[in-house]
2 protein chains.
Amino acid sequence: MLKVDIDTKMKFLQGFSHKTRVQILESIKEEEKTVSQIVEELEGNQSNISQHLACLRGCGLIVGRQEGKYVHYRVRNQLVRDLLTMFDVVLEDVHKDIACCDSHID
Amino acid sequence: MLKVDIDTKMKFLQGFSHKTRVQILESIKEEEKTVSQIVEELEGNQSNISQHLACLRGCGLIVGRQEGKYVHYRVRNQLVRDLLTMFDVVLEDVHKDIACCDSHID
DNA sequence: GTATCATATTAGTAAATTCTAATATGTAAG
DNA sequence: CTTACATATTAGAATTTACTAATATGATAC
């Protein structure tokens, strides 16, 4: 397994570091959706969601496909879906011990 | 699979959202290490590393064990190790497409 | 108990990320 | 080519997260 450098890895992992991005990933994990569908579903605003989508695209986690004036986003591939599933599996196992780490260091 | 709520999930995922934390996880993935060993290996400072360790502990990703005046940390269990490995697998696959997402939104 | 060493915690500052609002781009329809 | 709608981009303000330095805690050895 060819190891990718740590900075590239961090860019990749940033995709999972914000609630909105994770919610987007979950939302399009099984079926592609347009930006406006995602905006509506997450009750976000267009600009903000669009920025998070750009981030996820940059992380390689999602891909978009233009169709007329709509852009449909979907999770990149099965491996990424598997990773998302694995989060749930590991988290369920670990769940009971999470307490501090309030999304920051203290 | 019993789904954990999104806020708990986010606390968990914060464990992977900082370079130092990911480096710590990689460092103790296969063998436990004391705080001072980690500090030395990452060339960090004691306070900072200690805070990141507290975060990872809070995320449920690592566990510590006191032995005399030393505390030995290790990755929580095999599932967490598997998840770390999976990052590398998926990242290698996705690698070529990472470009933007400079650890932020633009 | 006192000294020493390892680790943890705290408070305040510094830095990075995210959000909001405004504007730009691009596509389709008329 | 103008309008309308979907999405993207930008700039700056607001918020969150991380770092530094100082101090505290806890364990061992004396």
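Chain A is the first sequence line, chain B the second, and so forth, proteins listed ahead of strands; every chain is numbered from 1.
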Inset, instruction - State plainly whether one hydrophobic cluster holds both A:V39 and A:L53, where clusters connect Ile, Leu, Val, Met, Phe, Trp and Tyr through side-chain heavy atoms under 4.5 angstrom apart. - result: yes

Legend entry - Distance test, side-chain N/O of B:H52 to OP1/OP2 of D:dT17, below 4.0 Å: no

Inset, instruction - Provide, to the nearest angstrom, the distance between the CZ atom belonging to A:F16 and the C1' atom belonging to C:dT18. - result: 19 Å

Inset, instruction - In sequence, state the C-alpha distance, the side-chain angles, and the governing distance for B:E26 and B:R21, and then conclude on salt bridge (charged side-chain N to carboxylate O under 4.0 Å, His left out). - result: CA-CA 9 Å; B:E26 289 178 348; B:R21 288 195 290 273; over 6 Å; no

Inset, instruction - Would you mind telling me which of C:dC19, D:dT7, C:dT7 lies closest to the side-chain atoms of B:Y70? - result: C:dT7

Inset, instruction - Can you figure out which of C:dT18, D:dA8, D:dA18 approaches the side chain of B:R21 most closely? - result: D:dA18

Inset, instruction - Would you mind reading off the distance between A:I49 atom CD1 and D:dT9 atom P, rounded to a whole angstrom? - result: 15 Å

Inset, instruction - Assess whether side chain to side chain contact (heavy atoms under 4.5 Å, CB included) is satisfied between A:E31 and A:R74, documenting all intermediate values. - result: CA-CA 7 Å; A:E31 45 171 356; A:R74 65 176 182 281; over 6 Å; no

Inset, instruction - When you get a sec, tell me which of D:dA8, C:dA8, D:dA18 is the closest nucleotide to the side chain of B:L53? - result: C:dA8

Legend entry - Closest nucleotide among D:dA6, C:dT18, D:dA18 to the A:S36 side chain: D:dA6

Legend entry - Distance, rounded to the nearest Å, where B:I24 contributes CD1 and D:dA18 contributes C1': 13 Å

Inset, instruction - Round to the nearest Å and state the distance from B:R65 atom CZ to C:dA6 atom P. - result: 17 Å

Inset, instruction - Indicate whether the side chain of B:S47 and that of B:Q51 have a donor and an acceptor atom separated by less than 3.5 Å. - result: yes

Legend entry - Heavy-atom check, side chain of B:D88 versus side chain of A:V4, under 4.5 Å: no

Legend entry - Separation of D:dT17 P from A:M10 CE (nearest whole Å): 14 Å

Legend entry - N-O pairing of A:E41 and A:K33 below 4.0 Å: yes

Inset, instruction - May I ask you to evaluate whether A:H18 reaches the phosphate of D:dT16, defined as a side-chain N or O under 4.0 Å from OP1 or OP2? - result: no

Grab the N/O contacts between the protein and nucleotides 20-28 of chain C below 3.5 Å, and write none if there aren't any.
from: C:dT20; atom 1: OP2; to: A:N45; atom 2: ND2; distance (Å): 2.9
from: C:dT20; atom 1: O4; to: A:Q51; atom 2: NE2; distance (Å): 3.0
from: C:dA21; atom 1: N6; to: A:S47; atom 2: OG; distance (Å): 2.6

